[in-house]
J.: 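Sending over a structure as structure tokens; questions will come in a sec.
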Amino acid sequence: QVQLVESGGGLVQAGGSLRLSCAASSSIFSINGMGWYRQAPGTQRELVAAITSGGSSNYADSVKGRFTISRDNAKNTVYLQMNSLKPEDTAVYYCNADVVHNSGRHYSYWGQGTQVTVSS
């Protein structure tokens, strides 16, 4: 009933850019907030950026000024524009959707992940 599909990952040199996309679908429930998380080897998954249905966004301190999150509500798609990439940005990036059930309770759903590798 809820599916998220990420795309846009790949290999890029330091200082380069990538644009990640995540298309979400939900046949029954409403999608509220959407965001991007990442997990590097040996680390826990961390929030990169998130955006509400109204367009308010927040970012991890490590990516402020370099990454921009946006969304197209009509398409239920969230994007992450990543500029000035650094080797420490290397991770698997996961799309997340905050889904509101008819009870009003929120549930998190995850995409399969897309690999981003930044070479020095």
Side-chain angles (χ1 to χ4, degrees):
Q1 294 181 350
V2 179
Q3 294 183 341
L4 293 84
V5 180
E6 303 105 327
S7 63
L11 175 64
V12 65
Q13 290 185 311
S17 299
L18 286 173
R19 182 178 174 86
L20 305 183
S21 299
C22 174
S25 63
S26 177
S27 60
I28 299 177
F29 307 113
S30 299
I31 298 175
N32 192 0
M34 300 184 73
W36 291 95
Y37 291 71
R38 67 187 181 187
Q39 186 168 16
T43 71
Q44 295 190 5
R45 185 170 53 193
E46 65 174 349
L47 173 68
V48 177
I51 187 168
T52 69
S53 60
S56 298
S57 60
N58 63 282
Y59 300 88
D61 289 340
S62 60
V63 306
K64 287 182 179 177
R66 299 189 297 119
F67 292 8
T68 302
I69 189 170
S70 61
R71 68 186 292 173
D72 184 336
N73 289 335
K75 298 180 179 180
N76 280 330
T77 300
V78 63
Y79 306 92
L80 185 67
Q81 179 66 47
M82 304 186 294
N83 298 326
S84 301
L85 283 162
K86 304 175 181 179
E88 49 263 47
D89 295 319
T90 296
V92 177
Y93 284 70
Y94 296 91
C95 179
N96 175 79
D98 172 26
V99 177
V100 182
H101 289 213
N102 53 18
S103 66
R105 185 174 179 179
H106 293 227
Y107 294 86
S108 290
Y109 293 84
W110 299 91
Q112 81 285 354
T114 184
Q115 176 70 47
V116 171
T117 302
V118 184
S119 62
S120 60

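Numbering of residues begins at 1 and proceeds along the displayed sequence.
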J.: Which residue pairs pass the ring pair (Phe, Tyr, Trp, His ring centres under 6.0 Å) test when at least one of the two sits in residues 61-83, sequence neighbours left out?
T.: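 As it turns out, there is no ring pair (Phe, Tyr, Trp, His ring centres under 6.0 Å) pair with a partner in residues 61-83 once direct neighbours are skipped.
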
J.: Are the side chain of T90 and the backbone of V118 linked by a donor-acceptor contact shorter than 3.5 Å?
T.: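 Pair found, side chain donor or acceptor close to backbone of V118.
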
J.: Any idea which heavy atoms bring A91 and R38 closest together, and the distance?
T.: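 Closest approach of A91 to R38: CB-CB, 3.8 Å.
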
J.: Looking at every non-hydrogen atom in both residues, tell me the closest pair between N96 and S108 and how far apart they are.
T.: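 Scanning both residues completely, I find the closest heavy atoms to be OD1-CB, 3.5 Å.
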
J.: What residues, two or more places apart in sequence or in another chain, satisfy side chain to side chain donor-acceptor pair (under 3.5 Å) together with D61?
T.: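 Result, side chain to side chain donor-acceptor pair (under 3.5 Å) vs D61: K64.
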
J.: For C95, does its backbone N or O pair with a side-chain atom of E6 as donor and acceptor, under 3.5 Å?
T.: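 Flag set: sc E6 to bb C95 pair under 3.5 Å.
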
J.: For S7, which residues count as a side-chain contact (heavy atoms from CB on, under 4.5 Å) partner, sequence neighbours excluded?
T.: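 For S7 the side-chain contact (heavy atoms from CB on, under 4.5 Å) partners, ignoring immediate neighbours, are S21.
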
J.: Linking Ile, Leu, Val, Met, Phe, Trp and Tyr through side-chain heavy atoms less than 4.5 Å apart, which residues share a cluster with V5?
T.: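 None, because no other hydrophobic side chain comes under 4.5 Å of this residue.
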
J.: Can you name the nearest heavy-atom pair linking I31 to A24, along with the distance?
T.: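 The answer is CD1-CB, 3.7 Å.
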
J.: Counting neighbours of CD on E88 that are heavy atoms of other residues, nucleotides or ligands and sit closer than 6.0 Å, is the number greater than 12?
T.: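 More than 12 within 6.0 Å, yes.
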
J.: Please go through L47's hydrophobic cluster and name the other residues, only I, L, V, M, F, W, Y counting, with side-chain heavy atoms under 4.5 Å joining them.
T.: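 The other cluster members (ILVMFWY side chains, heavy atoms under 4.5 Å, direct or chained) are Y37, V92, Y94, W110.
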
J.: Could I get the full list of ring pair (Phe, Tyr, Trp, His ring centres under 6.0 Å) partners for H101, not counting sequence neighbours?
T.: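 Only F29, Y107 meet the ring pair (Phe, Tyr, Trp, His ring centres under 6.0 Å) criterion with H101.
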
J.: Of all the heavy-atom pairs spanning S84 and D89, show the shortest one and how long it is.
T.: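 Smallest interatomic distance, heavy atoms only, reads O-OD2, 4.4 Å.
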
J.: Can you tell me how far CD1 of I69 sits from OH of Y59, rounded to the nearest 0.5 angstrom?
T.: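 Y59 atom OH to I69 atom CD1 measures 6.5 Å (nearest 0.5 Å).
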
